[in-house]
Amino acid sequence: MPHTWKVCLVCLVITFWAASPLSTAKASTPHPAQEASFPRSLGNYDDPRHEGITAVLKHRIAAEPFNLVATLIFFAAIIHTFLASKFMALAHQWEQKHDVRIKNGQEPRNSVHHGAELLHFLGEVEVIFGVWVVALVAAITYFHDWETVVNYISATVNFTEPVFVVVIMILAATRPILKLSETIMLKVANLFGGTLKSWWFTILTLGPLLGSFITEPAAMTISALLLARKFYELEPSEPLKYATLGLLFVNISVGGTLTHFAAPPVLMVAGPWQWDTSFMMITFGWKAATGILIANSVYFMIFKDEMVKLEDKFAVRNLRDHIRATYLSRDMVEAEFDKVGGLINAQRQIFDTIEKQVSTIAQEIRSRLLTTYLTEALPQGMDRALACEAFDQRFSEILLNRMRENLPGLLPEKDRAQFIDPDWDEREDPVPFWVMVIHILFMGWTILNAHHPELFIPGLLFFLGFASVTAPFQNRIELKPAILVGFFLGGLVIHGGVQGWWIQPVLSNLSEIPLMLGAAVLTAFNDNAAITFLSTLVPDFTGTLKYAVVAGAVTGGGLTVIANAPNPAGQSLLKKYFENGISAVGLLKAALLPTVIILHIFMIFLAVYK
């Protein structure tokens with residue numbers, strides 16, 4: 001555009017103008033340590049006593065008006081997540097209309113509908129909380145200053161968990177780890193017949209319980225990828241898709257309670273309350289496992305008839321995989337094609353004829369365009385011979401691109417675009433045992449140093465180098481899904497850090513059963529690790545109150561995408577199997593029944609815990 005440079009210049013001037021007072025303010029602003037802490041410490045509100053939760057919240061809003069604004073922004077982001085599928089549906093409608101306009105010649109061939117692209121961006125659940133961080137940053141700057149923003153995000157907010165989830169997702173999604181996990185699941189599923197229902201039940205039971213040992217994000221990644229391959233690719237009905245997703249999210253959240261180090265909400269309280277693995281196993285673990293089995297069984301009985309109908313598809317897919325691995329493997333088929341190479345060469349004249357026709361058409365187009373260029377667009381005084389040479393170079397570039405797109409077989413091998421095998425990740429060749437062992441060591445290193453990004457991030461870099469060396473045994477390593485999940489969690493912890501002002505007094509004013517229910521409900525609107533962390537700040541919490549808040553937090557961890565740190569990973573890996581992405585309302589409905597089942601189990605044994 002002719003005025004683009006002017007717009008850029010104006011933006012640059014505005015940027016420097018805005019930066020000048022900021023830098024001046026920074027020089028005159030006292031060191032953060034000299035300022036009142038942000039967000040305000042929960043013990044510094046001087047709350048009114050014996051006047052109820054409402055009075056406490058009103059007092060805290062009056063003392064710090066920013067609190068109300070931050071929470072309104074946070075709830076706006078939550079509402080946005082519930083509307084994400086609507087954005088995606090509208091984006092697809094606009095894209096389809098734009099495609100029709102392109103076919104009718106009403107729009108340029110490679111154009112896009114910018115409104116549809118914007119809606120598609122706003123409909124991506126992974127970016128929602130990051131987008132609303134912009135509004136939160138503006139609010140903090142308005143009520144405080146820019147230095148407070150910088151200090152809060154760089155020094156107060158802890159991004160270790162989002163970064164850890166990114167790294168463990170990348171490692172857990174690798175081919176050697178998936179092959180190993182699939183082999184273990186196969187052994188268990190075969191004990192129950194190796195059918196679709198046995199695979200479904202095994203993945204939704206064993207996968208979440210493994211989260212107590214390999215961490216919940218790793219268990220979520222492995223379980224979601226196995227469900228995608230064994231179940232979602234069979235195209236079940238939407239209700240069964242959501243039921244399975246709801247079970248997966250709830251089961252992962254409670255399945256990490258067998259130990260004290262794998263589930264983020266448990267990890268937050270294990271140190272302050274001195275809970276170890278034996279305590280978790282006795283107090284929570286076996287109840288969680290029982291709840292998972294019951295919830296899986298209930299949903300299986302509800303969808304039993306559809307499961308039976310899907311068995312034929314599953315059997316055909318298994319038979320196809322067996323044929324591919326034992327009879328029609330990639331190497332065998334390629335060897336057969338090599339044998340008929342002579343026959344293909346004998347038919348070369350067909351390709352020569354097509355190539356001549358393409359060349360003739362290309363020359364006609366070149367002559368027509370060159371004539372137009374020389375008569376209408378040639379700069380005055382330009383040498384015609386040089387102009388023709390430059391025109392030929394540009395025309396050859398465009399012709400090569402179109403040939404690569406439509407007729408790559410007619411090009412010399414050196415001019416062809418690199419072939420990317422769409423079925424590379426589905427190949428059947430085995431992974432050497434030593435490669436699996438090294439992958440397990442990389443995962444072990446990451447889990448062992450889960451709270452030290454300065455150790456596990458270099459581990460990831462070493463792993464990427466190892467994956468490059470062992471590329472024939474690897475799948476394509478997709479970094480984008482994991483990074484988007486990290487972006488989601490990063491935005492969530494930024495928002496969550498300023499929500500304690502209302503969550504902490506709510507938790508501190510409830511008895512056991514209301515606290516368990518309240519923790520489950522609050523978890524749907526905030527990360528369950530934040531709920532349990534804030535409970536450690538409540539003084540004089542009894543043993544039963546501690547049990548109730550953790551039980552509620554882990555049980556409610558499947559109700560929404562934001563309720564548990566691993567949920568965005570599952571959402572990212574499985575959203576392509578749902579029309580217009582995963583609906584927050586659909587997930588909430590599907591997760592409600594298993595949540596109620598497991599909540600009842602924890603409630604029943606609350607009296608035993610007392």
Side-chain angles (χ1 to χ4, degrees), residues 38-39 66 69-88 90-91 114-144 146 148-170 217 220-221 264 453 457 478-500 523-530 560-576 580-584 587:
F38 178 86
F66 166 78
V69 175
T71 299
L72 290 176
I73 292 172
F74 181 62
F75 277 96
I78 293 173
I79 294 171
H80 187 167
T81 63
F82 279 84
L83 297 176
S85 61
K86 304 296 183 182
F87 284 116
M88 295 295 283
L90 186 57
H114 295 293
E117 292 296 315
L118 176 61
L119 286 178
H120 188 83
F121 173 76
L122 295 175
E124 292 285 354
V125 174
E126 293 91 342
V127 307
I128 290 175
F129 282 89
V131 168
W132 283 95
V133 164
V134 177
L136 182 65
V137 165
I140 298 174
T141 305
Y142 176 79
F143 284 95
H144 297 275
W146 178 250
T148 302
V149 173
V150 173
N151 186 58
Y152 172 62
I153 293 179
S154 62
T156 304
V157 179
N158 188 346
F159 292 104
T160 299
E161 184 182 45
V163 177
F164 170 77
V165 172
V166 171
V167 175
I168 204 68
M169 268 192 73
I170 294 171
M220 175 66 84
T221 303
I457 291 177
E478 298 286 350
L479 300 180
K480 178 182 174 181
I483 292 174
L484 281 176
V485 169
F487 182 70
F488 176 96
L489 294 174
L492 184 58
V493 297
I494 291 173
H495 284 284
V498 290
Q499 305 306 318
T523 289
F525 301 102
N526 207 346
D527 180 40
N528 55 9
T560 60
V561 175
I562 67 174
N564 193 29
N567 291 357
Q571 190 271 345
S572 177
L573 295 170
L574 296 175
K575 64 182 179 182
K576 64 182 179 181
N580 298 322
I582 294 172
S583 164
L587 171 60

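All values derive from a computational prediction rather than experimental measurement. These numbers come from the heavy atoms of this one structure, side chains and all, not from hydrogens, waters or symmetry mates. Numbers here are sequence positions counted from 1.
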Minimum heavy-atom separation for A524 to A563, with atom names? CA-CB, 4.2 Å
Taking the side chain as every heavy atom from C-beta outward, state whether L489 and P568 have any atom pair closer than 4.5 Å. yes
Where is the tightest heavy-atom contact between S572 and P481, given as atom of each residue plus distance? OG-CB, 3.5 Å
Given F74, which of I79, N526, V69, L136 fulfils the side-chain contact (heavy atoms from CB on, under 4.5 Å) condition? N526
Minimum side-chain heavy-atom gap L587-V561 below 4.5 Å: yes
Using a 3.5 Å distance criterion without hydrogens, assess whether the side chain of T148 forms a donor-acceptor pair with backbone atoms of H144. no
Of all heavy-atom pairs between I170 and A482, which one has the smallest distance, and what is that distance? CG1-CB, 3.7 Å
Side chain of T156, backbone of I153: donor and acceptor closer than 3.5 Å? no
Side chain to side chain contact (heavy atoms under 4.5 Å, CB included) for V131 and F121? Distances and angles first, verdict last. CA-CA 10 Å; V131 168; F121 173 76; 3.8 Å; yes
Heavy-atom donor-acceptor pair, S154 side chain to V150 backbone, under 3.5 Å: yes
Please name the pair of heavy atoms, one in I128 and one in A77, separated by the smallest distance, quoted to 0.1 Å. CG2-O, 3.6 Å
Can you check whether F129's main-chain N or O pairs, donor with acceptor, with H495's side chain at less than 3.5 Å? yes
Minimum heavy-atom distance between G123 and F87, given as atom pair plus value: CA-CB, 3.8 Å
Side-chain heavy atoms of L119 within contact of M88, under 4.5 Å: no
State, yes or no, whether a side-chain contact exists between P453 and F164 at a heavy-atom distance under 4.5 Å. no
Without swapping roles, check the side chain of H80 against the backbone of L122 for a donor-acceptor pair under 3.5 Å. yes
Under 4.5 Å between any side-chain heavy atoms of E126 and K480, yes or no? no
Value for CD1 (I483) from CD (E478), rounded to nearest 0.5 Å, stands at 10.5 Å
Check: N567 side chain, T560 main-chain N or O, donor-acceptor pair, under 3.5 Å: yes
Is there a side-chain contact between I562 and I78 (heavy atoms, below 4.5 Å)? yes
Under a 4.5 Å cut-off applied to non-hydrogen side-chain atoms, are V127 and F488 in contact? no
With a 4.5 Å limit on heavy-atom distance, are the side chains of M169 and M220 in contact? no
Between I457 and V163, is a side chain to side chain contact (heavy atoms under 4.5 Å, CB included) present by the stated rule, with each step listed? CA-CA 8 Å; I457 291 177; V163 177; 3.7 Å; yes
Tell me whether Y152 contacts the main-chain N or O of I494 through its side chain, where contact means a donor paired with an acceptor under 3.5 Å. yes
Tell me if the centroids of the rings in F66 and F38 come within less than 6.0 Å of each other. yes
